[in-house]
Amino acid sequence: MDSWSSPNVPALPGAGVPLRLYDSARQDRHVSSGDAGGASMYVCGITPYDATHLGHAATMITFDVINRVWRDNGVDVTYVQNVTDIDDPLLERANRDGEDWIVLAMRETALFREDMEALRILPPAHYVGAVESIPAIADEVVNLLDAGIAYRLDDDTGDIYFDVSKDATFGYESNLTRPEMLAFFAERGGDPDRAGKRDALDPLLWRGARDGEPAWEGGILGPGRPGWHIECAVIALGLLGSRIDVQGGGNDLLFPHHEMSAAHAEALTGEAPFARHYVHAGMIGLHGEKMSKSRGNLVFVSRLRADHVESMAVRLALLADHYRDDRQWTDDLLKTAQQRLSRWREAVALPAGPSGAETLAAVRERLADDLDTVGALAVVDDWVDATLAGDRTDADAPALVAATVDALLGVAL
Ligand code: 5CA
Ligand code: ZN
């Protein structure tokens, strides 16, 4: 699938600071990547049945900042993102609207690309759809069956499930209790009550063909379509290998999606942990509730663009709080970001300011500390305040601060 075009990223002088990232599995911060000069990141992308909302945007921006900080450290980054272009919600929406599901997915994916470009998100090296990955997924489901880790239900549906009891370390990523797991599983696309499963938590790997639903040839699996978690496991393994540096997405994916994807990957490769860092962005809410397509309380990036809201202000607004915090989108948040953006622009247009090198070093330091964007924005604010107040000691500072903000925060002034 086509990715999108890359914004220009200015090179910054001097050396970056190694990034310490919070890992959901170890529940602590650890230095990420860079050891071998390369880093691999897999981020769970959209299910394209509706337009990109600010929650998607915030999560994409979080992983974009990781990407930018790594690059500033000279790390050779391989970034992969998926598009879940076949799944129940997509088919339900297409049916509801009497639309072809393929056309719906293509349209929303195209809009997502435009939104990503407007927000200056660095594109993944591989942007991969579920549909194009079906042959590879089917092969891996066969491997799991052969290994006795997957089983077929006895009810003639052709549905195949993953046996979580075969995974001795199951649960290490989310650190949840079984009752918590069961609750999230039921809430987030799982089927704990499905008759014939060995364990209520066993997730679907392959859904046998049903009347009125698209299906693909699955060889010995029979016709059908893939489950959700195996999609992400197989795409990541195929492009990034058996151990990756970051598995990422919003914290709504921690369980079951990421736990199951990691369990699938580890069952297939025999290597663990699948990811060195399991990284989860907080949820963006509106009026006190998580912004979600199913709740319908959405603010779309494209709607804001159509209303001539500057995408750089949107980006700055979403960087104004820490990525791991669940937070609310408000008009005030946007207004503050717009004011901040114009002050920053005013300051970098002046002929000089206080030390640019110190500002760059302090921004690097803040971002390396588990992406402390709150602190990084405060550093830039301090420089802007001093510049606007008349401190004009460094003639190179305005250009360097503008380059810093562009390269590391992705905000073009
Ligand atoms: N296609 C799957 C992942 S494989 C999916 O979850 N799609 S999604 O369209 O629902 O979400 C796309 C990405 O945005 C995921 O990483 C998800 O965790 C994140 N996300 C969804 N809603 C929010 C929200 N309200 N705030 C922050 N991130 C969100
Ligand atoms: Zn995923």
Side-chain angles (χ1 to χ4, degrees), residues 1 24 41-64 66 79-90 92-93 104-105 108-109 111-112 115-116 119 121 124 127-131 133 137 173 184 187-190 203 226-237 239-240 244 246-265 274-275 278-301 314 317-319 321-329:
M1 193 171 267
S24 302
M41 175 159 76
Y42 181 88
V43 173
C44 283
I46 56 164
T47 304
Y49 68 88
D50 212 338
T52 322
H53 61 62
L54 289 171
H56 304 137
T59 291
M60 296 307 153
I61 289 169
T62 295
F63 293 95
D64 188 54
I66 294 176
Y79 176 22
V80 175
Q81 187 180 135
N82 73 312
V83 188
T84 308
D85 57 358
I86 180 67
D87 204 1
D88 297 344
L90 184 67
E92 283 160 19
R93 177 62 62 96
L104 172 63
E108 298 304 349
T109 305
L111 191 57
F112 176 77
D115 291 336
M116 293 300 100
L119 291 166
I121 309 276
Y127 191 47
V128 188
V131 170
S133 310
I137 298 170
E173 179 176 338
F184 281 131
E187 193 183 307
R188 298 173 177 168
W228 175 30
H229 319 304
I230 191 72
E231 166 194 340
C232 286
V234 171
I235 296 173
L237 290 178
L239 290 160
L240 297 172
I244 69 173
V246 165
Q247 181 206 46
N251 66 18
D252 57 334
L253 300 185
L254 175 60
F255 194 89
H257 184 54
H258 284 177
E259 185 87 60
M260 298 297 183
S261 287
H264 294 343
F274 167 54
Y278 296 101
V279 180
H280 294 100
M283 288 294 106
I284 301 296
L286 186 72
H287 309 315
E289 283 216 77
K290 173 194 164 187
M291 205 177 274
S292 74
K293 289 176 266 208
S294 46
R295 285 195 181 84
N297 59 338
L298 307 176
V299 179
F300 295 124
V301 175
V314 174
L318 292 171
L319 289 169
D321 295 292
H322 193 255
Y323 79 93
R324 286 202 286 125
D325 293 336
D326 291 339
R327 50 207 199 270
Q328 295 292 311
W329 178 259

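Because the structure is predicted, anything quoted here is derived from the model rather than measured. In each ligand, atom 1 is the first atom listed, and ligand 1 is the first ligand listed. Below, all heavy atoms of this structure are taken into account, side chains as well, without hydrogens, waters or symmetry copies.
Of the inter-residue distances, the one linking I284 atom CD1 with R327 atom CZ reads 3.5 Å to the nearest 0.5 angstrom. Note that OG1 of T52 is 7.5 Å distant from CD of E108, once rounded to the nearest 0.5 Å. The line from NE2 of H56 to CZ of F300 is 9.0 Å long, rounded to the nearest 0.5 Å.
For ligand 1, the polar-atom distance check finds no N/O of W228 at less than 3.5 Å from any of the ligand's N/O atoms. Checked by distance only, ligand 1 and G249 stay at 3.5 Å or farther apart across all their nitrogen or oxygen atoms. Between L253 and ligand 1, no N or O atom pair is found at a separation short of 3.5 Å. Any N or O atom pair closer than 3.5 Å counts here, and M60 shares no such pair with ligand 1. At under 3.5 Å, a nitrogen or oxygen of G55, whether backbone or side chain, sits near a nitrogen or oxygen of ligand 1.
Listed by atom number, the atoms of ligand 1 under 4.0 Å from H257 heavy atoms are 4 (S). The atoms of ligand 1 that sit less than 4.0 Å from any heavy atom of C232 are 4 (S). Here is the list of ligand 1 atoms found below 4.0 Å of a heavy atom in G250: 16 (O), 17 (C), 18 (O). Per-residue contacts place N82 under 4.0 angstrom from the following atoms of ligand 1 (heavy atoms of the residue considered): 4 (S).
For the ligand labelled ligand 1, residue A58 lies outside the 4.0 Å heavy-atom shell. Residue E231 places every heavy atom at 4.0 Å or more from ligand 1. Within the 4.0 Å heavy-atom cutoff, H53 counts among the residues contacting ligand 1. The closest approach between any non-hydrogen atom of A281 and ligand 1 is not below 4.0 Å. For the ligand labelled ligand 1, residue G282 lies inside the 4.0 Å heavy-atom shell.
Using a 4.5 Å heavy-atom cutoff, the side chains of H258 and S24 are not in contact. Residues N297 and H287 fail the side-chain proximity criterion, which asks for heavy atoms closer than 4.5 Å. Side chains of I46 and T84 form no contact here, defined as non-hydrogen atoms less than 4.5 Å apart.
Taking the six-membered ring where the residue is Trp, H229 and H257 present tilted rings, their angle falling between 30° and 60°. Using a 30° and 60° split on the angle between ring planes, Y127 and F112 fall in the parallel class, below 30°.
Ranked by closest heavy atom to atom 1 (N) of ligand 1, the top entry among D252, T84, I235 is T84. For atom 26 (N) of ligand 1, the candidate residues are I284, D326, L90; the nearest heavy-atom contact is made by I284.
In this structure, the side chain of Q328 engages the main chain of G288 through a donor-acceptor pair within 3.5 Å. Under a 3.5 Å cut-off, the side chain of E259 and the backbone N or O of E173 do form a donor-acceptor pair. Judged by distance alone, the side chain of D326 and the main-chain N or O of G282 form no donor-acceptor pair under 3.5 Å. Panel note: side chain R188, backbone P256; no donor-acceptor pair is recorded below 3.5 Å. Side chain of T59 to backbone of A281: no donor-acceptor contact under 3.5 angstrom is found. Remark: the backbone N or O of C232 is not paired with any side-chain donor or acceptor of N82 at under 3.5 angstrom.
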S133 and E231: CA distance, side-chain angles, deciding distance, side-chain hydrogen bond (donor to acceptor under 3.5 Å, both in side chains) verdict: CA-CA 8 Å; S133 310; E231 166 194 340; over 6 Å; no
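Counting backbone and side-chain atoms alike, C232 contributes an N/O/S atom closer than 2.8 Å to the Zn ion (ligand 2). Inclusion of H257 in the first shell of the Zn ion (ligand 2) is supported: an N, O or S atom falls under 2.8 Å.
Under 4.0 Å is where a charged nitrogen must lie from a carboxylate oxygen, and between R93 and D50 at least one such pair does.
The protein heavy-atom contact nearest to atom 25 (N) of ligand 1 is M291 O, 2.8 Å. The protein heavy atom nearest to atom 9 (O) of ligand 1 is K293 NZ, 2.8 Å. Counting only heavy atoms of the protein, atom 5 (C) of ligand 1 lies nearest to G45 O, 3.4 Å. When hydrogens are left out, the protein atom nearest atom 19 (C) of ligand 1 is T59 OG1, 3.9 Å; that is the closest non-hydrogen contact. The shortest contact between atom 15 (C) of ligand 1 and any protein heavy atom is with C44 O, 3.5 Å. From the protein, the heavy atom lying nearest to atom 20 (N) of ligand 1 is H56 CD2, 4.0 Å.
At a 4.0 Å heavy-atom cut-off, ligand 1 does not touch P48 at all. Looking at L54 against ligand 1, nothing comes within 4.0 Å, counting heavy atoms. With a heavy-atom cut-off of 4.0 Å, T47 touches ligand 1 through backbone and side chain alike.
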